[in-house]
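This report concerns only the one structure given below.
The figures here come from the full heavy-atom set of this structure, side chains too, leaving out hydrogens, waters and symmetry mates. By convention in this document, chain letters (A, B, ...) are assigned in the order of the sequence lines, proteins followed by strands, and residues within each chain are numbered from 1.
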Amino acid sequence: MGDFAQGFQMVANISTLLWCAFGTVLGIILGALPGLTATMGIALVIPISYSISNTATGIGLLISVYCGAVCGASIPAILLGIPGNPNAIATVTDGQLMTKKGLAGQALGGAVIASMIGGLGSEILLVFFSPLIAKATLAFGPAEKTTLALVGLVIIASVSGKDILKGLLMGALGFVFAFLGTDPISGACRMPFANALKKTVLAGGFDMTSTLIGLYGVSQVFAELANLSKPQNTDVATNIGKVFPPFKKVLSMWQIILASLGIGTIIGAIPGTGASIAVFMAHDSASKICDASNGKLDKPGTGCLEGVFAPEVANNAVTGGALIPALSLGIPGDSATAVLIGALMINGVTPGFQLFSTNMPLVYSIFITLFIANVFMGVFQLAGIRLYPKVLLISQRILMPIVLILSFIGSYALAGASIPKGVFNVGTALFMGLVGYSMKKNGYPLAPVVLGFILGGMFEENFRKAVKLGAGTMERFVTSPICWVFTLLAVVIVVSSVLKNRKEAKANNA
Amino acid sequence: MKRALIIMLVALVATTTVFAQGLEETSASFPDPERTITIIVPQGAGGGTDTFARTLAAKMTEISGQNFIVENITGNSTGTGTNEVIKSEPDGYKMLMYGTYTIVGTSVGATDGASGLDFISGLTLEPFVIGVKADSQWTTLQELIDYAKANPGQVTIGNAGATGTTAVVACGLNVACGNCFNVIPANGGAELQAWVMGGHCQVGIFSQTEIVSGIKPLAFLGETRSLNENLGDVPTIVEAGYGDLTIPYGCFRGLAVPKGTPDEAKNWLADTVKKAFYSDEFQSFMAKKGYLQTFSTLADTDAYNAQLMADLQPALKAAGLVKK
């Protein structure tokens, strides 16, 4: 307990609390502005955190920005149907439908509560099961990640809506976008006119975040612009309904919460994955749980709290999950924790198993700042909750150009100091916005493109590496139990969606 | 006579003052104290190169009073960041954290590299470490290479990325052993750590700070033992009996500016880097990390880099990283 007391002492000062508060508020604001991302927020505060002499406080600041940005992204996703950053891409559907039903308050409140459950829940897993989960994630090599990507890809079937063929086509389009750029094994430039383009910014392929900003944010702006001539509906904004979801309702979702928490923490802990995958998987598992509940739960995708809770629990669970390998193995779980490890190293602390034996007070102080960050995140975001819906009172004629500008600024700023890369990112966002708009207009679903784009690259890269590690054989896929489990899971998901579709078709015909 | 002497004295004082002022004016023209000098790191925030650049930039700011900042521009085998510097105004306000990775990037055709740059200084050489899983069957480099030679293609050796410095080391080692290894690029040092600790890949080329408790170091790729206290008892490649292997030992780092930058700016920068480099704090930072010092400036760095590029050619060819 002496270690805990020492760790507590390291962070029990006003400056830590103030920096955490500053970090959370900054995170929520950046998260809520469409186009500006969590990684960008962290990049903004790195110089500040490096200059804070107290290591624990500096890390607290980084963690606070991270947690705040993940949570804040749900605000525009729910109110405008535009995710603040890719963490909220699976929150859009149900959040937006709830707003249209006049339940914006409950959706916003539910998202905050879900985020806190996700954040604190994954912290509990981090504190008590860190070495265990870290060891488990080590079992994930390229072969295992290939099958994990496969499970993600078959979700395309369930996010495609009524027309599976359209969904598959869009998934394939996502693959095409993912394959442009540098070959993951040989480093060759993979695109048309490679010789002319390899010294330009295009050689890096599409930037993932700019692509997502374009597909979700910019395309939504275009869609709203098309609606400008129609009369504006403002009565939803004035009556946002109750803010806190009924306690009983939250309790009834315990299975969804636990499943999403598990998915978020584990996916977060596996290096090279991320929240964008976790949120779709959580949303999909919530649908499955709901199917099995005999109508006690509302079906995600129809504009219900379940569909907001699942991804919002999962994306904040990723924040705790990503810290597991970072602290116990010294391996970052995502880009945000990579920066965190850098911050630790610059202060002369090497993360890894030995950190737990040699510098336990620092580990405790990180746990405490993570707790503070999650609580502040909830408190600050709830504090403003009656304010956010006012954004709907603003005329679309003013709001949409602002969103468009922010989306472009966000994509531009992602490139850091490089002007050509920034311009390319803006071009990417605009191009993807047009792609997304024409898809929406013609009834093609967006989520499959995103899944294809994120998972296509992961699938290809890991499959090729798995085969190369197996000296040209696919042996690992047969010998690894994890591969078996995921492959079977993928088959089950496909079969169950096919059966369900048939059943629904029959019911419609009857 | 006395009068003439006084007049002469006054004249002398006056001219020296004027002259001194003139000198001050020319030396004040670079840098403009209002402007910030940016160091472009073509790799991600939080990594070894980034940490090195940030620590150096902080020291340079402290010593010179001029504001130095670090910006990360990643992508395209470090080509994006490098091209950004090459294409920028050659006025000394934008520098590149040059490295062995730039040579690889040049070789694969992602950038013009050194031919578009002037060197300010060479800084360090960060030797790599050959590591295996903690409970691996191999305890020495000799055992590993003997096994690999007896079972060609059976032993997997990973690096941190297809066009990174560790890829050149891994491929160089592979060639030196008669292509007995199966070389695979991971997506960054972190993934490589996970692969080796999880038993997916048997051997890895790591930077010194990546050797965590789940990874057993077999050999340190330097001529003398590591300065990093955690790795002090790891045998060098020479001690392991492979001193004759012609493979690159590690990642060289230096500072460069766009070609055509005025000498005045280059000299001022070289002088400032030198002061920061030899400060007690920066010296102890490098010792703690286990970085070797290869300090040189301007033309000397050019020569050093030319030699390095020539030395790397066989390994680059072996790695398939030479594009015509």
Side-chain angles (χ1 to χ4, degrees), chain A residues 42-43 46-47 50-51 137-144 181-189 195 198-201 203-205 207 270-272 325 329-333 335 338-343 345-346 348 350-354 415-421 461 465-466 468-469 471 476, chain B residues 38 40 44-48 50-51 54-55 58 69-77 79-81 83-84 87 94 104 108-112 153-154 156 158 161-163 167 182-188 190-191 193-195 197-201 209-210 212-214 230 288-289 320-321 323:
Chain A
I42 291 167
I46 297 176
Y50 281 175
S51 67
T137 58
L138 281 182
F140 280 78
E144 289 78 7
T182 314
D183 183 283
I185 307 273
S186 72
C189 183
N195 277 331
K198 69 183 173 191
K199 276 182 195 159
T200 65
V201 281
D207 175 72
I270 301 173
L329 300 175
I331 301 172
S335 54
V339 171
L340 214 64
I341 288 187
M345 291 227 189
I346 215 165
T350 314
F353 283 124
Q354 62 268 54
S418 173
I419 293 169
K421 200 174 167 190
E461 185 181 327
K465 285 176 180 172
K468 188 141 197 324
L469 280 170
R476 181 79 192 173
Chain B
T38 307
I40 302 283
D50 179 63
T51 313
R54 284 180 194 275
T55 312
I69 62 161
V70 170
E71 296 258 19
N72 306 85
I73 301 181
T74 59
N76 193 20
S77 310
T80 310
N83 291 336
E84 182 74 19
K87 283 179 192 152
K94 205 171 248 185
V104 184
V108 298
T111 167
D112 293 332
Q154 296 294 304
T156 48
T163 55
N182 177 6
V183 185
I184 295 141
N187 195 354
E191 189 174 82
Q193 285 175 299
W195 279 7
M197 288 161 87
H200 305 284
C201 180
T209 46
E210 282 167 356
V212 289
S213 54
N230 300 327
K288 215 163 158 187
K289 295 267 180 179
L321 293 174
K323 299 276 147 48

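Within the 4.5 angstrom heavy-atom criterion, no atom of B/Ala167 approaches chain A. Contact annotation for A/Ala139: only backbone heavy atoms (N, CA, C, O) come within less than 4.5 Å of a heavy atom of chain B. Only the side chain of A/Lys421 comes within contact range of chain B, judged by heavy atoms closer than 4.5 Å.
Heavy-atom minimum distance, B/Pro185 versus A/Ile185: CG-O, 3.6 Å. B/Val183 approaches A/Lys468 most closely through the heavy-atom pair O-NZ, 2.7 Å.
Looking only at side-chain heavy atoms (C-beta outward), A/Thr182 and B/Asn76 come within less than 4.5 Å of each other. No side-chain heavy atom of B/Glu84 sits less than 4.5 Å from a side-chain heavy atom of A/Val201. Looking at heavy atoms from C-beta onward, B/His200 lies out of side-chain contact with A/Lys465 at the 4.5 angstrom threshold.
With rounding to the nearest 0.5 angstrom, the CG atom of A/Leu138 is 10.0 Å from the CD atom of B/Gln193. B/Ile184 CD1 to A/Leu469 CG: the interatomic distance, rounded to the nearest 0.5 Å, is 3.5 Å.
Among B/Gly109, B/Ser77, B/Gly79, the residue making the largest number of heavy-atom pairs under 4.5 Å with chain A is B/Gly109. The candidate with the highest count of non-hydrogen atom pairs below 4.5 Å against chain A, out of B/Asn187, B/Thr163, B/Val108, B/Val70, is B/Asn187. Your options are B/Asp112, B/Leu321, B/Ile69, and the one with the most heavy-atom pairs under 4.5 Å with chain A is B/Asp112. Between chain B and the options A/Pro184, A/Pro142, A/Ala203, heavy-atom pairs under 4.5 Å are most frequent for A/Pro142.
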